[in-house]
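In what follows, a single structure is set out as structure tokens and then discussed.
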Amino acid sequence: MANGMSVAADSPLPERRKGQHQARAGAAGKTRALGRPGTLLSRIHGHADLAALDLAELPTLAEEIRKRMIEVVCSTGGHLGSNFGVVELSIALHRVFDFAVDALVIDVGHQCYPHKLLTGRYARFKTLRSKDGLSGYPHPAESKADVMRSGHAGTSISVGLGIAAGAGLLESNRRVVCLVGDSALGAGVALEGLNYADHLGRNMLVVLNDNEMSISKTVGSLASYLSRLRAAPLYTGAKERFHALLRSMPFGEKLNKNLVDMVDAVKAAIAPGHLFEELGFRYYGPIDGHDTKALIEHLTAVKDLPGVTMLHAVTKKGKGLERTGKDTRFLHAVSPGATLPGYGTADEVAPKAEVVSSKRAAVSFTQAFSEAICEAAERDPRVVAITAAMPEGTGLTTFAERFPARFHDTGITEQHAVAFAGGLAKAGARPVCAIYSTFLQRAYDQVFQEAVLQDQPVMFCLDRSGLVGEDGPSHHGCYDIAYTRTFPNVVLCSPRDASELKAMFDLGLQLEHPFVMRYPRAQCAAEERPAAPLELGRSELLRDGVDATLVGYGPLVYLALEAAEVLAGRGLDVAVINARFCKPLDGDRLFEYAEKTGLLVTLEEHQLTGGFGSAVLEEFARRGRCADRVVPLGIPDRMIEHASRSEGLQDAGLTVERVVTEVLSRSGTR
Ligand SMILES: Cc1ncc(C[n+]2csc(CCOP(=O)(O)OP(=O)(O)O)c2C)c(N)n1
């Protein structure tokens, strides 16, 4: 195989797959012909179809991919900007590699739409992110071109290395390619992967999709370093050029083996301090990530290089969305039903959360948190906000504008963010970690060591707790109660509405212990009356009753109230308790009502195992009575797949009908 940079874009396929390619290209060639009806895209099912296209047809294909994505994503919602930025990269990757055989590990996975469109999922693409439809992330059940399910950033290099190592054990010559964004590359786990890559001695290609963006601007010194690299001339690997030169000489291969050390010395002299080369990678780049022909040439040149290689492609997030008249780099994702100026009829729709209760919506929980932390920061100069690359999603943009000296966006670095918060608390600040429930999982050990072990006042405000809807199971925040409840001295609470969120936040600020507040991606119910004063570990009785008790944790109390209304119509007088705290739990009131009403149904938007209902059962078991009167309702012990949030709640059985049925069947009134 040729591996210099001058290899033609359409260089021959490797021997091992020539036959396979010819057979498939032949079949594709019969169906493909310019001028035939239908789009090019509808006729692409994988590498062979794509490899059979003329280079001149690729810009049309790119246009068709963008057109299809905008049609579908504006209806289903999804990661528009990220996917618009990788169209040419995806075409080039699929043209050069066959990911039915080779492995493509896409970091995070949110930028997999062109990949899906190029691997036989064109017809189903309209079902993206919808119930029973295609996932918005890679999913092996959909195609063997998808290696693993994903959604959390930074793991692609480690996974890729694992696949390469596994392929080595099985003596397979499967190629491995990781596609990773510049922001995900800064995640701790990605750096751990980089650190191990050369050491493993396997072949692997990392394609760095550098668009200078995370959801907002990529932050940190690595970002600054990449920015310097972007401005540098094309660097094609000193080592490789030297190898190519030697190979062209008589006995070059033999010489080549003997001169590796010398070449390394030359390389170090030519590119001193080149980070990726110092880490053992052969680095190529930066190249224009929208120049399909150049991408194909470079990918072809590096695809069979020994060891680990990094190809640095510079792309523009949202490339092709210029007609919106917006800065396309900030069009990371859109909500279902979005229309874009220049492409649709109305303005781009701002993230739109669904309402849990049928009551009139007021503000979102995110907005309530945003107000709570700004008000607290106004009063208390110790308040510091920390986000791990999610300033918008967690509601911290106003805080960042108003209190820039007390705002930290650490990038996709949840572990660092939490340990950093531990340090801040040690120094006397009041750090508030605003992190989605699902992403705090990554910092479990820092929650333990830097907050809990020191018993420090670090506040964790967990947005997206519960079911998140269309992003699906990688993003559902349904494990946080279980993974924080076990820690000594931690306070766990969940507000039912905006004013309760603010009261809980203020209470958290007064505590000298770690504090975890969870709230969903939802609008707060309109407040009917001021919340009863908040007292640590005390629940709120919303409705008295004698026939059964419904206990809601967080905004599910509104589900409980609705169910109680329906049950009242069936002649049952049902009590409703707003639990407020999971730890310390209001064991006395819950026990009293279990004894008094004979049935206690707990409601939580969390995995049943280890959740709020489990806490109640443990409490009653400790008291030696009434555990048999508890019916915990929550998320069952299986994945709730992507769908709208209300469809997810339905799937989990968190509905008024289910609560009513449970109460009626147990009270013998059905
Ligand atoms: C551990 C983790 N934290 C946060 C996120 C939320 N998130 C999804 S995509 C994204 C930005 C990724 O940026 P980059 O890797 O540069 O890819 P781009 O979208 O720019 O193509 C973030 C922060 C995540 N998926 N995983």
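Indexing begins at 1, ligand by ligand and atom by atom, following the structure's order.
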Legend entry - Heteroatom distance test (D182, ligand 1): nitrogen or oxygen, under 3.5 angstrom: yes
Legend entry - ligand 1 N/O within reach of S183 N/O, cut-off under 3.5 Å: yes
Legend entry - 4.0 Å heavy-atom contact, G85 with ligand 1: no
Legend entry - Contact atoms of ligand 1, heavy-atom distance to A389 under 4.0 Å: 23 (C)
Legend entry - Any D409 side-chain heavy atom under 4.5 Å of S216 side chain: yes
Inset, instruction - State whether the shortest distance between N or O atoms of S82 and N or O atoms of ligand 1 falls below 3.5 angstrom. - result: yes
Legend entry - Residue from R66, K316, K319, K293 passing salt bridge (Lys or Arg N to Asp or Glu O under 4.0 Å) with E88: R66
Legend entry - Winner among H110, H79, Q415 once heavy atoms are compared against atom 17 (O) of ligand 1: H110
Legend entry - Closest candidate by heavy atom, reference atom 10 (C) of ligand 1, pool D409, I215, L440: I215
Inset, instruction - Answer yes or no on whether K303 is positioned over the face of F97, meaning its NZ or CZ is under 6.0 Å from the six-membered ring centre and within 45° of the axis. - result: yes
Inset, instruction - Could you tell me if any non-hydrogen atom of T218 lies under 4.0 Å from any atom of ligand 1? - result: no
Inset, instruction - Below 4.0 angstrom from a heavy atom of K317, which ligand 1 atoms are there? Numbered from 1 as shown, please. - result: 18 (P), 19 (O), 20 (O)
Inset, instruction - Look at the aromatic rings of Y519 and F365 and report parallel, tilted or perpendicular, splitting at 30° and 60°. - result: parallel
Inset, instruction - Fit a plane to each ring of F99 and H115, take the angle between them on a 0 to 90° scale, and name the class: parallel (under 30°), tilted (30 to 60°) or perpendicular (over 60°). - result: perpendicular
Legend entry - Enumerated ligand 1 atoms positioned under 4.0 Å from heavy atoms of M390: 6 (C), 23 (C)
Inset, instruction - Let me know which of R230, K317, R329 forms a salt bridge (Lys or Arg N to Asp or Glu O under 4.0 Å) with E212. - result: R230
Inset, instruction - Run the numbers for me: atoms of ligand 1, each under 4.0 Å from some heavy atom of V108, listed by number. - result: 25 (N)
